[in-house]
Structures are given as structure tokens and as C-alpha cells.
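Start at 1 and go down the list; that is how both ligands and their atoms are numbered.
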Amino acid sequence: MESTLTPSALSVPTADQIRRVPKVLLHDHLDGGLRPETIVELAAEVGYDGLPTTDPAALGVWFREAADSGSLVRYLETFAHTCAVMQTREGLVRVAADCAEDLAADGVVYAEVRYAPEQHLERGLTLDQVVEAVNEGFRLGEARAAAAGNRIRIGTLLTAMRHAARSLEIAELANRYRDLGVVGFDIAGAEAGHPPTRHLDAFDYLKRENNHFTIHAGEAFGLPSIWEALQCCGADRLGHGVRIIDDISVAEDGGVKLGRLAEYVRDRRVPLEMCPTSNLQTGAAPSYAEHPIGLLRRLHFRVTVNTDNRLMSGTSLSREFEHLVQAFGYTLDDLRWFTINAMKSAFIPFDERLALINEVIKPGFERIAAESAGVGSVGVAG
Ligand SMILES: O=c1[nH]cnc2c1ncn2[C@@H]1O[C@H](CO)[C@@H](O)[C@H]1O
Ligand SMILES: [Zn+2]
């Protein structure tokens, strides 16, 4: 979609403007976004004594440092502590409500937040009770955010863990709660050794039901994983998908050649849920400036910007955009492009996506662009 914005939309946005423009988030893990103080309080309530520290500030630092491992497997080990305090109805309601409020305060107007219900059964909740508690928390958080003047809508994706064997059951759960807060399905967890084709029965089931799913692929593992996710499993979107860059060659003279898979991904407008900071932490990308998102955006792939795990990465969607603005000089217009890409790729019905684009996203960007009209180009803070 080409820009119709005023020249001020071509200015580099400030950190404050980035926070205030309407944003869309498609890839955010509920168990990767807890507030450190909530973890400490819930741990005390449920008697979990495994936390590395009970000082909230130190705990936040611990998560970021532990996740900064260069390995997806070690990165994922940190989730034991967040899942430990998400085993009761009260804990799940609170974590989901916090999440909605935090995203809304960051200027997110639509989010799809994912979690794996099978990881929240240790204290006797059933899968259905887990989904109902999370939904209740999101409705509560949406209402609190609205009262604070921040409108947000949240749908959930139910994740099945790729090393486990409950994916069909979770897919059925997602289908049962469709239109009741759940908008799709995902598989996550360590990629190497756990190809998505182990879960074909779940994907086939979802396709029979005309339901939607995304697959974490091409993060720790290369092109075969992306190929399987698309061509064997039929994924609607790719979680990360950064390794698609391996199928693109850039010659010395700047000429670009796409392989068949990269061409397919671009031609079919397959949404890529990119999460820059997370990729730096797990070693999937070397730096912000060298992150494949720069080239993929230039080549007009259907790229979206996401947080993955706000706690482990010490980030927010605004922070992710700030990093990209610093690395690539993105303008307000680029941010709008990423945002509309994300909204087009959401799993809610077409008419609802269109309404958010026309009634919330475009006017929101226009307002910020108009505000800086005449001010000229401004630097990025932070
Ligand atoms: O970037 C990632 N790649 C693969 N799996 C992940 C990533 N981030 C989180 N999870 C996994 O998804 C589960 C459900 O939310 C988390 O518990 C974590 O194990
Ligand atoms: Zn993820």
C-alpha cells in the first residue's frame, strides 16, 4: 500500500510519536511478557520458591541476561519461572489483565497474544479453565485500558509445544473457543529436532475447520523448516521466518535474486512475524542493522514487527520500532506500512481488519503526521 500521507510522514518519528501511533502486534507470548513485580507477588501467593531473586528490578535484569544466551534452547529455559506462577485462575487472570493494560499503554490497538494451555495444568486447572481464565483477564484488562483512555482489542492464539504430543487436542480447543476470544493456533518451542510435520493431524484438522494457524519456523533452523511449515503444514503466517534470507542473494552491484521459496513467500504475501530483539538474543540475527528485516522490507515482503517476549527481551513494540528507526532511518510512513501489513495479516475477519485500518490506524497516523507538519525532521530519542 503506497503512502498518501503528508510530507511530514516522511520525517523520522520521535520515541514519543512511536509510542502514540496506533500499533498492531501479532506475535507476543503471554508467558513471556509478565511484569517482574507480578511474578514476585504471585510466587509469594502460590508458594513458588524457585525464583532467582525476589527483587522485581533485579528479576527483570535476570530474565534479560539469562535470555541473552545466543541459544534458543537456553532462552526457553527462562519460561519455567513465568509458567510456575501461571497455574491458578487468579494468576492467569492477573497476568492477562496486566498484559492488556501494558500493550494498550504502549499504543497497541490490536494484539494477538499466544500461550500454551498445556503448560498451565500443574495445579489442577483443565485446558478449558485455562482458556476461560485468560479470556477473563483480557476482558478485564481491555476494560481497564479503555477507562484509562487506551482502546485495545486482544485475540489469543493457542500454542501447542512442538516437542510434546498434544497438538491435536490444543487445535480442537482453539476451534472450540473460536469466536470466544481465541482467533488461531500456533506451535512453538525448540525448533531443531522437532519439525512441524510431527503435528500434521492438528494442521489438517484446523484446515478442515477453516481455522487459522501460524508456525514458529526459520528462527533457529533454516529454509527446510520454512518450506515444511508452508508446503506440508499449510501455515497462514510464519513466526519469525528470518532464515528466508538464506534464499535471497545480493550481488556486489546490489542486484537481488530470490530463490523459489523466497519468491513464493513474497508472491503469496506470506506474513512474516519478525521479532528483532528476540532474534539478537537467540543468535538468529547478528545486530539490528544487519537484521534481515531491512532487506525484506525493501523487497516488499509482507513483514510485520513484533515483540515475542517483552520480559525476556526487556522490550515493547515501541522499543522494537525505535531500534529499527535507529538502524534503518524508518519514517512515520514506514511505521504505517508495517502496521497496515500486520493488520491485514491478523486472524480476525476481513471486515473487522478493514474497520481497524480505516477507522483507527489511518486516522491515528494522520493525527501524528499533522502534529509534526512544519516542524521538520526530528531525531530519535532513547
Ligand atoms: O521465540 C520463540 N521460539 C520458540 N518458542 C518460543 C519462543 N518464545 C517463546 N516460546 C515458547 O512458547 C511457549 C508458549 O508461549 C513458551 O513457554 C516458550 O516455551
Ligand atoms: Zn515466539
Side-chain angles (χ1 to χ4, degrees), residues 25-34 39 63-64 66-87 91-92 95-96 99 111-122 127 130-131 134 138 154 156-164 166-167 170 173-174 182 184-196 198-199 213-222 225-226 229 235 237-243 271-285 291 304-315 317 320 342:
L25 178 55
L26 299 180
H27 190 133
D28 185 87
H29 293 258
L30 182 65
D31 53 332
L34 284 75
I39 302 176
F63 272 103
R64 283 201 293 284
D68 238 350
S69 58
S71 136
L72 177 59
V73 172
R74 290 214 298 284
Y75 178 93
L76 294 178
E77 285 167 7
T78 59
F79 288 81
H81 298 297
T82 54
C83 287
V85 301
M86 296 169 70
Q87 301 297 336
L92 289 167
V95 168
C99 172
E112 291 178 0
V113 179
R114 62 189 76 195
Y115 63 100
E118 67 199 64
Q119 297 191 129
H120 305 280
L121 308 177
E122 283 169 20
L127 290 171
V130 170
V131 173
V134 170
F138 278 131
I154 298 189
T156 62
L157 304 182
L158 301 189
T159 294
M161 299 308 293
R162 59 200 311 154
H163 59 268
R166 300 188 78 153
S167 48
I170 303 303
L173 184 69
V182 177
F185 174 84
D186 163 54
I187 62 165
E191 205 173 347
H194 305 289
R198 282 187 61 219
H199 306 282
F213 57 95
T214 176
I215 298 180
H216 278 74
E219 177 186 18
F221 217 61
S225 156
I226 294 178
R237 307 194 308 231
L238 292 173
H240 300 284
V242 275
R243 300 292 6 127
L272 303 173
E273 305 162 357
M274 310 220 115
C275 311
T277 303
S278 167
N279 292 158
L280 264 53
Q281 290 180 292
T282 62
H291 193 285
T304 69
V305 178
N306 301 275
T307 46
D308 210 9
N309 299 292
R310 288 170 287 114
L311 171 67
M312 286 74 180
S313 296
T315 198
L317 189 52
E320 294 301 301

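- Residues meeting the ring pair (Phe, Tyr, Trp, His ring centres under 6.0 Å) test with His291, sequence neighbours left out: none.
- Residue Glu118 comes nearest to Ala160 through the heavy atom pair OE1-CA, 3.6 Å, listed as atom of the first residue, atom of the second, then distance.
- Remark: Arg74 pairs with no residue by the salt bridge (charged side-chain N to carboxylate O under 4.0 Å, His left out) rule, at least two apart or across chains.
- Put simply, the side chain of Arg243 gets close to the backbone of Ala284: a donor and an acceptor are under 3.5 Å apart.
- Under a 3.5 Å cut-off, the side chain of Thr214 and the backbone N or O of Arg237 do form a donor-acceptor pair.
- Protein residues with any heavy atom under 4.0 Å from ligand 1: His29, Asp31, Leu72, Leu76, Phe79, Tyr115, Ala116, Gln119, Met161, Ala188, Gly189, His216, Glu219, His240, Asp308, Asn309.
- No donor-acceptor pair under 3.5 Å is formed between the side chain of Glu112 and the backbone N or O of Ile154.
- Few gaps surround CZ on Phe79; more than 12 heavy atoms of other groups in view lie less than 6.0 Å from it.
- Listing protein N, O or S atoms at distances below 2.8 Å from the Zn ion (ligand 2), with waters left out, gives His27 NE2, His29 NE2, His216 NE2, Asp308 OD1.
- Of the candidates Glu191, Glu273, His27, His27 is the only one forming a side-chain hydrogen bond (donor to acceptor under 3.5 Å, both in side chains) with His216.
- Using a distance-only test at 3.5 Å, with no hydrogens or angles considered, a donor-acceptor pair links the side chain of His120 to the main chain of Met86.
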